[in-house]
Amino acid sequence: MAGRYPSAVERLALAAKLMLAPRLTDRARNGDRGMASATFAIGATAVRRDVLDGRVWSAAAHRVLDDDGQRLTLCCWPGVTTYAPTTWIEWLGNRDDAVRKQGIPDLAAGRWDLGEWIWRDTVLLTWVGLDPDFSVQRFQAVSGGSTQWKINFERPVRRTAIGIDTFDLLLDLIADPARDRWSWKDEDVRHEALLYRVGVKDPCRGSVAAEP
């Protein structure tokens, strides 16, 4: 009932992880063992949250389609209430790229605000637990458009009483299983996030941090 992603998507994701291994979370250092074994009932609601330093960065309710204690399949569809950074919600309305990119220094400084947003346009299936460093997502347009497969790199998932907590690493791949290819998503945002992550930019000043 929950369906399954093509084997080519899994193969592309694992190949990409080998390239990115030095950048991903050091689970041994952080003592993070990923998902616990407690399961959610099929049909139950599970809230997926991105949490950084104890603060929620995004939250969305999903329906549980399958769960064996290690691998979890979730679904979200148009009309579901979600919570996201206000910069992202504003960008969806005006498509101002400067607004979208402002979310990166806000995130680095820990000063974001959440707003309510209603999921639209696509039915989202998410497979969690294939690997601690990423989940697999399928976006199916409700209007009958093409299907998009995404590899979402994230911190290892932790189960909670209401769902799962992780944190999006702003590092995504768009997978094309039919052609056995993948490409980066939002490369400009990924590059901007990396500048803050390695200390080239200062979130408070918006300038080069390593000044004399």
Side-chain angles (χ1 to χ4, degrees), residues 1-18 20 24-25 27 30 32-52 56-84 117-182 185:
M1 181 178 66
R4 182 169 173 81
Y5 43 83
S7 59
V9 172
E10 180 175 346
R11 184 170 64 254
L12 291 170
L14 292 172
K17 179 185 173 178
L18 290 177
L20 298 167
L24 297 178
T25 304
R27 295 186 302 280
N30 294 331
D32 196 337
R33 298 184 179 180
M35 293 207 302
S37 59
T39 60
F40 298 105
I42 294 176
T45 297
V47 179
R48 182 201 179 279
R49 305 191 304 177
D50 288 292
V51 180
L52 182 65
V56 176
W57 190 62
S58 76
H62 292 68
R63 180 68 50 78
V64 176
L65 299 185
D66 194 20
D67 186 13
D68 65 3
Q70 292 297 324
R71 296 192 179 189
L72 174 65
T73 307
L74 302 172
C75 182
C76 185
W77 56 85
V80 172
T81 300
T82 70
Y83 294 89
W117 186 73
I118 306 301
W119 190 267
R120 66 190 191 196
D121 301 331
T122 61
V123 174
L124 168 63
L125 284 180
T126 302
W127 288 268
V128 181
L130 167 67
D131 186 278
D133 291 314
F134 61 79
S135 60
V136 174
Q137 297 180 318
R138 188 189 77 180
F139 296 81
Q140 178 63 59
V142 294
S143 61
S146 61
T147 297
Q148 183 181 75
W149 292 92
K150 189 178 83 167
I151 312 303
N152 192 65
F153 288 96
E154 58 198 17
R155 288 185 173 176
V157 165
R158 288 187 180 275
R159 293 185 184 237
T160 70
I162 63 171
I164 57 174
D165 285 356
T166 181
F167 191 77
D168 194 313
L169 296 179
L170 306 181
L171 192 64
D172 302 323
L173 294 177
I174 300 301
D176 183 347
R179 299 182 180 180
D180 205 27
R181 295 178 180 177
W182 56 263
K185 180 179 182 292

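Below, each value reflects all heavy atoms present in this structure, side chains not excepted, and no hydrogens, waters or symmetry copies.
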Would you say [X]'s side chain and [Y]'s backbone share a donor-acceptor pair under 3.5 angstrom?
X      : Y      : result
Thr166 : Arg155 : yes
Thr82  : Trp117 : yes
Asp50  : Asp168 : yes
Thr122 : Leu124 : no
Asp67  : Phe40  : yes

Please round to the nearest 0.5 Å and tell me the distance separating atom [atom1] of [X] and atom [atom2] of [Y].
X      : Y      : atom1 : atom2 : value
Arg138 : Lys150 : CZ    : NZ    : 15.0 Å
Leu173 : Ile151 : CG    : CD1   : 6.5 Å
Glu154 : Asp165 : CD    : CG    : 11.5 Å
Phe139 : Leu125 : CZ    : CG    : 10.0 Å
Leu72  : Arg48  : CG    : CZ    : 11.0 Å
Ile164 : Arg49  : CD1   : CZ    : 10.5 Å

Is the shortest side-chain heavy-atom distance between [X] and [Y] below 4.5 Å?
X      : Y      : answer
Phe134 : Leu169 : no
Val136 : Thr126 : no
Leu65  : Leu74  : no

- Anything under 30° is parallel, anything over 60° is perpendicular, the rest tilted; go ahead and classify Trp149 against Trp127. parallel

Over all heavy atoms of both residues, which pair between [X] and [Y] is shortest? Give the atoms and the distance, please.
X     : Y      : result
Cys76 : His62  : CB-CD2, 3.6 Å
Cys75 : Val123 : SG-CG1, 3.9 Å
Asp68 : Arg71  : OD1-N, 2.6 Å
Pro78 : Asp121 : CG-N, 3.9 Å

- Message: As a quick check of understanding, evaluate side chain to side chain contact (heavy atoms under 4.5 Å, CB included) for Val80 and Arg63, giving each step before the final call.
- Response: CA-CA 10 Å; Val80 172; Arg63 180 68 50 78; over 6 Å; no

